[in-house]
Q: 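Okay, handing you the structure first.
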There are 2 protein chains.
Amino acid sequence: MTKFVYFFGAGKAEGDGADKQLLGGKGAGLAEMTRIGLPVPAGFTIAVPACAHYHSNKQKWPTGMADEVRKHLVRLEKVCGKKLGDPSDPLLVSVRSGAARSMPGMMETILNLGLNDRSVEGLARVTGNRRFAYDAYRRFITMYGATAMGVAREKFDSAFEEVKVRRTAPRMHTPLDSARTVHENARRVADTDVNEAELVDLVATMKDIYRREVGSAFPQAPWDQLTGAINAVFHSWNAEKAATYRRVEKITDLTGTAVNVCQMVFGNMGDDSGTGVCFTRNPSTGENRFYGDLLINAQGEDVVAGIRTPLHLEQLSHLMPDVYDQLLAVRAMLEIHYGDMQDLEFTVERGKLYMLQCRAGKRTPGAAFRIAVEQATQPLLSRAEAGRLVKRGHLPKKFADAAVRPVISREQAIMRIAAVDIERLFYPVISGTIGAETLRKALLARGIDAVPGAACGRVVFSAAAAEEHAARGEAVILVRKETSPEDVGGMQAARGILTQTGGKTSHAAVVARGWGKCCIVGCEALHIDYTNWQMTVGGEVIRQGDFLTLNGSDGSVYRGELPLEKPILPPAFHTLMKWADDARRMKVRTNADTPEDARKAIEMGAEGIGLCRTEHMFFATRERQLAIQEMIVADTLEARVAALDKLLPYQREDFIGIFKAMNGLPVTIRLIDPPLHEFVPKSTEQAQALSRVTGISVEKILQRADQLHESNPMLGHRGCRLCITYPEILDMQVRAIIEAAIACVRKGVKVLPEIMIPLTIDARELEILDRRTRSVADGLISAAKVKLPYLVGTMIETPRAALLANRVAEVAEFFSFGTNDLTQMTMGLSRDDAGRFLPDYVDQAKSGIFADDPFQSLDQEGVGMLVRHAIEKGRSSRDRLKIGICGEHGGEAESVKFCHTVGMDYVSCSPYRVPIARLAAAQAAILDVRIPVKKEPRVRRAGASRPAVARSASGARNGRTRKKPRRGG
Amino acid sequence: MTKFVYFFGAGKAEGDGADKQLLGGKGAGLAEMTRIGLPVPAGFTIAVPACAHYHSNKQKWPTGMADEVRKHLVRLEKVCGKKLGDPSDPLLVSVRSGAARSMPGMMETILNLGLNDRSVEGLARVTGNRRFAYDAYRRFITMYGATAMGVAREKFDSAFEEVKVRRTAPRMHTPLDSARTVHENARRVADTDVNEAELVDLVATMKDIYRREVGSAFPQAPWDQLTGAINAVFHSWNAEKAATYRRVEKITDLTGTAVNVCQMVFGNMGDDSGTGVCFTRNPSTGENRFYGDLLINAQGEDVVAGIRTPLHLEQLSHLMPDVYDQLLAVRAMLEIHYGDMQDLEFTVERGKLYMLQCRAGKRTPGAAFRIAVEQATQPLLSRAEAGRLVKRGHLPKKFADAAVRPVISREQAIMRIAAVDIERLFYPVISGTIGAETLRKALLARGIDAVPGAACGRVVFSAAAAEEHAARGEAVILVRKETSPEDVGGMQAARGILTQTGGKTSHAAVVARGWGKCCIVGCEALHIDYTNWQMTVGGEVIRQGDFLTLNGSDGSVYRGELPLEKPILPPAFHTLMKWADDARRMKVRTNADTPEDARKAIEMGAEGIGLCRTEHMFFATRERQLAIQEMIVADTLEARVAALDKLLPYQREDFIGIFKAMNGLPVTIRLIDPPLHEFVPKSTEQAQALSRVTGISVEKILQRADQLHESNPMLGHRGCRLCITYPEILDMQVRAIIEAAIACVRKGVKVLPEIMIPLTIDARELEILDRRTRSVADGLISAAKVKLPYLVGTMIETPRAALLANRVAEVAEFFSFGTNDLTQMTMGLSRDDAGRFLPDYVDQAKSGIFADDPFQSLDQEGVGMLVRHAIEKGRSSRDRLKIGICGEHGGEAESVKFCHTVGMDYVSCSPYRVPIARLAAAQAAILDVRIPVKKEPRVRRAGASRPAVARSASGARNGRTRKKPRRGG
């Protein structure tokens, strides 16, 4: 019989940390922490397959599961020495969701289960705190009613609020509270100020509410409570908000959630109790320092929900020094055990520490680099600190030894970084050109810097509005009191997120950090008025549609639209990229059309140009535009050649600039590609200008423009077809390239031009153009009496060229896969038009046909099959065929790994994606992944710190590099 | 050492009829005729490789060739008993071109070579006819000067004309001359009327012209004449007109021409001499009757050039009965020997018959069928006639025995027909609704019925104008005094051709017959004035641009635009198609969207519908258009469903009609395919109409139309993507299909619907739609309580679907290759736009990248590779996968053969192409051709009677059928 329930407690666990798919992330973490001897409350995990079974079998538990749960409950009661619902000394349990992948706040949790009208008094007696017992009962009724029975939470909350508004009392302020916070809080009553009698009344009121809303009394039997809670968690898996989250996050490989039933520990049993959420290193900066939020006398949900503004974790060292040292030891043990920065949850119950959760911590991109580099080069703890913790009996010796050495290898460090981390590193900051005084004047408020980076946009006050405006291409800042899972769509659509409440571990902060999206939380100066779509900040009214600028790095909120700029990269970035360069086999080139781009790309680490689009040069100035237009409207060969002669010097100068910038690195220059109609005058004004230059009538020019219109320009008269029709265009371009190269060679600049013929569909076609190219080039070179090696090759961007690659390679000296067009043609998908329907294809809830947008991440199954075929066939004809990719996939990590796997020599991408490609190429080389062509559900991670490939690759974890010797070609 | 020269004569020949590639068609024919004992003048053939060598080696003969020619000349002189240039009794030779494929009139011929100032007198003495000798010398100087030396032929011709205008004399009329011809000729002087003294003077004048134009005296040394003439023939291979002809005819497999040097025989040695061109059967009707043109006292060139209007061949039976009987025997021997109708050239010199050429004769489509069927079912000669010819000693016994039996097998008859013959059989005739009186009044003139079929269009007087107007889509009739090879382009562009001069074997007639293009020649009533772009016919002026209608079947020329209609098919067509149906393995279906089309296709022999495009039904009436438009502009699902509900009954009725017409044959119905914008209102008027129906504002309707615009609609939101977005469209269509089927079943009509999902790119996509289709269909069927088998399958029209066919076939029950779109995507070629550049790709002279337009004939190399792959992969998943093709290639013969080869179950094409597909499928089955994927130069034949495949397939010639047993699926 299948086992559905797994026990953990008293230092032993049936599962372990590798069982995430079975036990969920939380369950696996609890099991693992139990195994390594950390203080974890006992409990059991109902495995994921039970949830999957439940949903596919009309909400029925699998056969035998009820018995298993009963058996494990008995075992739990034994370990705890208490019984669920025992009127004298009741065991209370929490019932929590936990899928294999973190879905923060998406699913339900029920605490304090086991309380009923009788056991609440037992709890009161045992704890000597009747107020506490009734507070727990209130929470339980609320959570159970809302979660398991679907009663609107507000009904319970407002009953609580009613009690509070009847009273006002000052509350203690923590040193971290800002002056404004203190001021705000003065007007409020803390939960902790509600007294025992009030709570006893409140519980009665809440039970009435429950009976009214549900139609039956609040369940008193603990087993009923437990089954109801387990079902509630199961249900929450398919709730709207969870399904939306999975869709947004493209989580397709999960089948359900586990349910963790765990002995309750209480952080709200007085000032010797508390609860916290922390990170083993600073998730914003990466600093090697324990970091977290803490609430004294509170339950865990209070921290996560961000309702109360928490203390800083380090304050615990003053409040409970021994617990703090214990936590420091736990920090070291877990980071060493997992080899990565961890996100922990703990509770202190009357001075005793309990670990409730551990998982890889989300972090900012800058932090990701710093953590990876420091973990690979520096010890976690100083010798002194390690010694102190050992001496105090908190840190086992073997962990202490590990803690004073680097935690991971360089290879592991490389594997630890996700492409998305790099991308986010380049997120903008507020321009340095803005003077301090201007900034000061623009400052509207200050909140908690939850996710760094700057953002600017128009204020919207609802997720729906954010999605709506963003869909129109507007930049928006989503402003909310607090965010909830329902807001995820709008949060993703916004450029930045600003909330009134919550700390760095609040929903808004966690979700935004996952995306690397600028986020400021706990900005209590905001008074948001959802009804009137406005907010007041220090008397100033900001309306929906007004501009705000956020600086997520310091929590500043500015009025108006401040200019943004690219940030300065952290030192760890450069260190890690250097390691990556040492590790990879593939070269990384860039797509650059101008000397400026070329220089920029060199800075980003490019090792050549993989795609220089010559046609972009024609747009650069009015003169050039006129010349190309003149060429197009020309009636005769002579007129066309005359117009091309005007273009020649421009192109030559551009090439000289590019060659100089690349200084001997290979430069692949693609001959003209787009259909001619892209160049023709669109308006009467433009036509008039051209008419003045050419003497051709405006009417005729517009007629020619009209003539050039195509039904499907993507498949029209473009690419090398233009040179078959008008070989004089090829002549001019080759002349410009070779004359530029000759000029450089004469000045002592090394040059390696690779002339690339686009859109080939047949070897004979390529042969004709290759012959013409060489005839022009060789003529110039021999006349110039210089030595100038060059290559002639082609883009592989039509399925036919890929299919017949052996024939094509008989002519071409290199292949460059133009995977944008290859994807368009192979899938019959126009990129310009796919917006109408492709989202439906990638929408996992709607169809789930594709795991990813094939224009973002290469369709390895279909297009990839053609690429593999073409490489194999191409090299069968020409062993040393140079092969690269220049579609946008060349800068997408998974695609780059695919390129490595199929044996490409290089990838080429836009300058700012060069580092992503360098990293991905290194990761591919480290793993030497053989990505199977077979389609597998792939998941676009929400920006977690560890790349997907690392998770299942124990080889990499061991730091073993399996570099494959580079092939001959 | 390579042998370049091949001798024939005195009953022996070094080559034979199979050596066409080496000896050219003429050389092979001469060798073969010599071998079977026919009277052929002796001579030798300089093989094709010599010409190829000449052109690729700076106009140099290959080493050793000169010696070989000299040696063979000596042998020829020995056989003939005369010496070239002998002043007493000179041997004269003809020097003729002759490539492996007939290129009528394209290359040069020089006759009477060996004459010089001394030998002309010898010839005069030997023949006793000084006039004849000088006439021969005149001809030689003209041909040599014009051909070998490039002197404008007009210079010589005008010198001859000058002599003639000085004199006028009546000439003899033949009984065939029309009254008008006699009248015309009365004003002219025949060549034969020029007397000896005038010719002697003329020769002197011509030699002066030669010296003036060439710069040296006319060569007197026979060897110089011979080498000059051989070089002239070599040169003619690459002359503009020959290159153009090859380009137009897509002849790509020839490397040069052979040169035939042959003893001269003279048809112009008096009234016991003559020359003729004939066919072993009537090439227009196919009648089993010797048929040809004859000129008495003339040289062969006079017949071919069509300058003089010839006698009918049968008149020879009166003029020279014995020669005629001899020719009748030759006719039988050659047709039996070659197993096909032959085109012969002969000369009678002083009562002695010489055969100068034989080759497969071109014929009209109707004739092709009749000849093939009669050859396979009836004897060539009656027993009496065969006996008579044997008795007269002309026909050997073994040929007589063969002549009274069928000449070929049924399989050979099937192989004999080209697809193009069928196509042309359906060429229009003048509508039978036109009354006799109307026709009589419209009759403008009558000429010789060179190629049957009717044509109607605007008159143009030059080939250039024909091409120009045709390019604009206008129907034109090309009217010329006579046509020349330079006119070939314009002739092809015209709907019909009309010439003033020439007989059925003139250039115009031969070329037009090859294309099956309506042609009337020898219409001497025309007086064409090229200068003023007009002609006068019986006093009536016809200007360029006026309409004419031609009836090529009886030679009538009508003024104005008469309605045309489809012809009645000859009985032989039905006989042969029946044979083809018995021979083929593949089924032939049709593409039909309406009950009318379906019925039409059944008449044409269709065995099911392979493609029923449902969207065409939406255009049928205004109501339907409004309903589909209403669906498209609908804002909500409800509105969309309401609009679809309006369409449902229309579609259901259409399907009922189609199912009834097909009566149990399979009907493949494709769900909606084109992008929605094809249906939306384009104009404000249409939008207003829609606005009235829907209540949606005109502005919003036009906005929606605008919104639907796509950059590349071919790759846009179309095909099954529409059903992923709007599954309710699928619901409606499936409902209409199944409800129609149920209605038919209830009426006892058998139905086999195959629901086809278009544009699939992924198995999961298909799975979603397949599931939805089955859920709708099964619901209806089980509610109706009927038995209704149906299939769900997909079009394979994206490269991705083909690549992943094994996955797709897990869902699809059938594949139908949509090779139109598959070609577009595989080659990156938009069919709508390719007109701009594809001609350059197919233009053999310009690039020769493709042998054929890939939208006409399937690109077997590229697209074909995907098709093969998909079939193999598809059947690897589903053994019994039904596979067909529904692109337009399904009606193109070569493509159909490919479909057979790769194992398809059926092809589907438009109704009128069904017979072509039936024939091609039969031919493929007979040969069981394994068409290699490897690209080979393919040639689109100019309509010769024997299909290309038959030429090299001795198996077929033996009548052996190699049917492959049908595979399991």
Side-chain angles (χ1 to χ4, degrees), chain A residues 675 707-719 721-722 724-725 759 761-768 797-804 807 821-838 840-841 846-850 854 859 861-863 865-866 869 935, chain B residues 675 707-719 721-722 724-725 759 761-768 797-804 807 821-838 840-841 846-850 854 859 861-863 865-866 869 935:
Chain A
Q707 213 176 59
L708 287 171
H709 171 80
E710 293 184 303
S711 306
N712 296 289
M714 236 285 301
L715 310 180
H717 197 189
R718 49 169 289 234
R721 294 162 192 178
L722 293 171
I724 290 283
T725 319
L759 209 72
I761 53 175
D762 190 83
R764 187 147 176 195
E765 173 191 44
L766 185 62
E767 204 171 61
I768 289 167
E797 48 187 339
T798 64
R800 195 175 195 272
L803 289 167
L804 304 177
R807 305 284 308 273
D821 279 5
L822 193 59
T823 299
Q824 296 199 85
M825 292 177 203
T826 304
M827 308 187 78
L829 277 185
S830 162
R831 192 176 187 171
D832 292 337
D833 304 312
R836 283 162 216 272
F837 54 91
L838 198 54
D840 288 344
Y841 277 66
K846 187 149 186 186
S847 75
I849 295 168
F850 298 125
D859 161 37
E861 192 187 14
V863 178
M865 191 189 291
L866 277 181
H869 171 93
K935 191 178 186 179
Chain B
Q707 213 177 59
L708 287 172
H709 171 81
E710 293 184 303
S711 305
N712 295 289
M714 235 284 301
L715 310 179
H717 196 189
R718 49 168 289 234
R721 294 161 193 179
L722 293 171
I724 290 286
T725 319
L759 210 73
I761 55 176
D762 190 84
R764 187 147 175 195
E765 173 191 43
L766 186 62
E767 205 170 62
I768 291 168
E797 47 187 339
T798 65
R800 194 175 195 271
L803 289 167
L804 304 177
R807 305 284 307 275
D821 279 5
L822 192 59
T823 299
Q824 295 198 86
M825 293 178 203
T826 304
M827 308 186 80
L829 278 185
S830 162
R831 191 176 190 175
D832 291 337
D833 304 313
R836 286 163 214 272
F837 54 91
L838 198 55
D840 289 344
Y841 277 66
K846 187 151 185 186
S847 75
I849 294 167
F850 297 126
D859 162 36
E861 192 186 14
V863 177
M865 191 189 290
L866 277 180
H869 171 93
K935 191 181 188 178

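Please read these numbers as outputs of a predicted model, since none were measured by experiment. Residue numbers begin at 1 in each chain, while the letters A, B, ... track the order of the sequences.
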Q: Pick from B:Arg831, B:Arg721, B:Glu797: which one has the most heavy-atom pairs with chain A under 4.5 Å?
A: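 Greatest number of close heavy-atom pairs with chain A: B:Arg721.
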Q: Would you mind telling me which of B:Ala802, B:Ser711, B:Gly716, B:Gly719 has the largest number of heavy-atom pairs within less than 4.5 Å of chain A?
A: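 Among B:Ala802, B:Ser711, B:Gly716, B:Gly719, the one with the most close pairs to chain A is B:Ser711.
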Q: Which atoms form the tightest heavy-atom contact between A:Thr725 and A:His717, and what is the distance?
A: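 Heavy-atom minimum between the residues: OG1-NE2, 2.8 Å.
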Q: Counting heavy-atom pairs closer than 4.5 Å to chain B, which one of A:Leu803, A:Asp832, A:Leu759 comes out on top?
A: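 That would be A:Leu803.
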Q: For chain B, which candidate among A:Leu866, A:Thr826, A:Ile761, A:Leu708 shows the most heavy-atom pairs at distances under 4.5 Å?
A: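 Option with the top pair count is A:Thr826.
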Q: Do B:Pro675 and B:Glu710 touch side chain to side chain, with heavy atoms closer than 4.5 Å?
A: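 Yes. Closest side-chain heavy atoms under 4.5 Å.
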Q: Side chain of B:Asp859, backbone of B:Gly862: donor and acceptor closer than 3.5 Å?
A: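 Such a contact is found between B:Asp859 side chain and B:Gly862 backbone.
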Q: Look up atom CD in B:Glu861 and atom CZ in A:Arg800, then write down how far apart they are to the nearest 0.5 Å.
A: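 Answer rounded to 0.5 Å: 5.0 Å.
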Q: How close do A:Pro799 and B:Met825 get, heavy atom to heavy atom, and via which atoms?
A: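 Of all heavy-atom pairs spanning A:Pro799 and B:Met825, the closest is CD-O, 3.3 Å.
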Q: Using heavy-atom distances under 4.5 Å, tell me whether B:His869 contacts chain A through its side chain, its backbone, both, or neither.
A: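 Side chain of B:His869 only, per the 4.5 Å heavy-atom cut-off to chain A.
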Q: Minimum heavy-atom separation for A:Met827 to A:Pro854, with atom names?
A: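 The answer is SD-CB, 3.6 Å.
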Q: Quick one: what part of B:Ile768 sits under 4.5 Å from any heavy atom of chain A, side chain, backbone, both or neither?
A: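 Only the side chain of B:Ile768 comes within 4.5 Å of chain A.
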Q: Give the member of A:Val863, A:Leu838, A:Leu829, A:Leu722 that has the highest number of heavy-atom pairs under 4.5 Å with chain B.
A: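 Most pairs with chain B among the choices: A:Leu829.
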